[in-house]
Amino acid sequence: MIDRLVIVGAGLIGGSFALALKEAGAVRCVAGLGRSPAALARALELGIVDQVCSTAQEAMRGADLVLLAAPVGQTEPILASLLPYLEPATLITDAGSTKCDVVAAARRALGARVGQFVPGHPIAGSESNGPEAARAGLYRGKKTVLTPLPENAAADVERVAAAWRLCGSLIHILGPEDHDRVFAAVSHLPHLLAYALVDDIAGKPHAGMLFQYAASGFRDFTRIAGASPEMWRDISLANRDALLHELDAYLAQLTTMRAHLAAADGPGLEAVYANAQRARREWIEAIEAGSPPKQPQDSE
């Protein structure tokens, strides 16, 4: 049982965490802290938080667990504001989509008390933002990656993991560097591409006509471009090196596909499409089976 949970940022991510723990009967009081009084007031109306705090001192009094659910660029100033009121038994975790920068920020802000910070990243979300988007089932059956620090006590890591399990989440452990390399490829690059495509279409002289005829394929491909620009600006810059590496690889793939298209190379295009179809099908089947996808075999 968590006696007092503090949510810094009671929007989709933080709000869903609070609602899930409330639904599980695992928290007695949820305190909300953040930079938007209107969002916090709405979170109170919706029953996401039980108390709105105007200061870090008020929020942190008696806190068992604190979740930072704010753009990753705000991690250091938020932690610095919490530090003077951080009680010995309080744990802090986060929901940031990058981890190397978050860990560095935590070390700068918390210093010798960094062991009370257990970095995390729930792999769930929506293109919608704000308290209204929060729902108790957001994390059910979804992965949450923890990237523990050498300074973290095993029991503290387990406390954070247990909270996410109560939300229905499946716990995975990665190092911060591995985390950022993986998510540059499968999350950060897709968001960059979706934003770029919509921005490109919106900038064309006949954008109105193009959007008029855009249907389900365009909607599915660009759904994630509806997410918070501020959050994804911070993520992109925080994971810049890994994202640039993945972007360069993708540009090389596009160059190859352009060459197939320019040469009217049907077999070449079909080979790329077929390989992508097979890989995606195996990925979906692996998710449904709850097992990792098969690794590609080296050719003889």
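Worth knowing before you read on, the calculation uses all heavy atoms, side chains too, and leaves out hydrogens, waters and symmetry mates. In this chain, numbering begins with 1 at the start of the sequence shown.
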Are any non-hydrogen side-chain atoms of [X] and [Y] less than 4.5 angstrom apart?
X	Y	answer
Leu146	Pro119	no
Leu68	Val66	yes
Leu138	Leu19	no
Leu83	Leu79	no
Leu33	Ile7	no
Thr75	Ile78	no
Phe17	Thr93	no
Leu193	Tyr250	yes

Q | Pairwise side-chain hydrogen bond (donor to acceptor under 3.5 Å, both in side chains) hits with a residue in residues 156-170, at least two apart | A | Thr144-Ser169, Glu158-Arg165
Inspect the surroundings of [atom1] in [X] and state if more than 12 heavy atoms from other residues, nucleotides or ligands are less than 6.0 Å away.
X	atom1	answer
Arg42	CZ	yes
Glu87	CD	yes
Phe211	CZ	yes
Met1	CE	yes

Q.
Can you tell whether the side chains of Arg35 and Glu230 come within less than 4.0 Å, N to carboxylate O?
A.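 Between Glu230 and Arg35 there is a salt bridge, with a charged N closer than 4.0 Å to a carboxylate O.
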Q: Taking only Lys NZ, Arg NE, NH1 and NH2, and the carboxylate oxygens of Asp or Glu, determine whether Arg278 and Glu282 approach each other closer than 4.0 Å.
A: yes
Donor-acceptor pair, side chain of [X] and main chain of [Y], under 3.5 angstrom:
X	Y	answer
Arg223	Phe218	no
Lys204	Leu210	no
Ser16	Arg135	yes
Asn152	Leu149	yes
Tyr139	Leu166	no
Thr55	Glu58	yes
His179	Gly175	no
Asp180	Lys99	yes
Asp265	His260	no
Ser228	Met231	yes

Taking a hydrophobic cluster as the set of Ile, Leu, Val, Met, Phe, Trp and Tyr residues connected by side-chain heavy atoms closer than 4.5 Å, whether directly or through intermediates, do [X] and [Y] fall within one such cluster?
X	Y	value
Val157	Leu21	yes
Leu243	Leu174	no
Tyr195	Leu237	no
Val8	Ile235	yes
Leu44	Leu40	yes

Q) Quick one: which of Asp50, Asp3, Asp64 gives a side-chain hydrogen bond (donor to acceptor under 3.5 Å, both in side chains) with Arg28? A) Asp3
What's the shortest heavy-atom distance between [X] and [Y], and which atoms?
X	Y	value
Thr90	Gln116	O-NE2, 2.8 Å
Leu247	Leu192	CD1-CD2, 4.1 Å
Leu65	Ile2	CD2-CD1, 4.1 Å
Pro190	Ala185	CD-O, 3.5 Å
Pro131	Ile48	O-CD1, 3.5 Å
Pro148	Ile173	CD-CG2, 3.8 Å

Q) Does one side chain, of Arg280 or Gln277, offer a donor that lies under 3.5 Å from an acceptor on the other? A) no
Q: Verify the distance criterion only: is there a donor paired with an acceptor across the side chains of Arg4 and Gln51 at less than 3.5 Å?
A: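 There is such a pair (donor and acceptor under 3.5 Å, judged by atom type) between the side chains of Arg4 and Gln51.
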**Q.** With Lys143 via side-chain contact (heavy atoms from CB on, under 4.5 Å) - residues at least two apart
**A.**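 Testing Lys143 for side-chain contact (heavy atoms from CB on, under 4.5 Å), a comparison that skips the adjacent residues, returns Ile123, His172.
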Q.
Does the plane of the ring in Phe183 sit parallel, tilted or perpendicular to the ring in His188? Use 30° and 60° as the thresholds.
A.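 Phe183 and His188: tilted rings.
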Q: Scan for ring-ring contact (aromatic ring centres under 6.0 Å, His included) pairs involving residues 18-44, sequence neighbours excluded, and state none if there are none.
A: none
Q.
What verdict does the side-chain contact (heavy atoms from CB on, under 4.5 Å) test give for Leu251 and Asp248, after you've listed the backbone C-alpha separation in whole Å, the side-chain angles of each residue and the deciding distance to 0.1 Å?
A. CA-CA 5 Å; Leu251 288 170; Asp248 287 343; 4.3 Å; yes
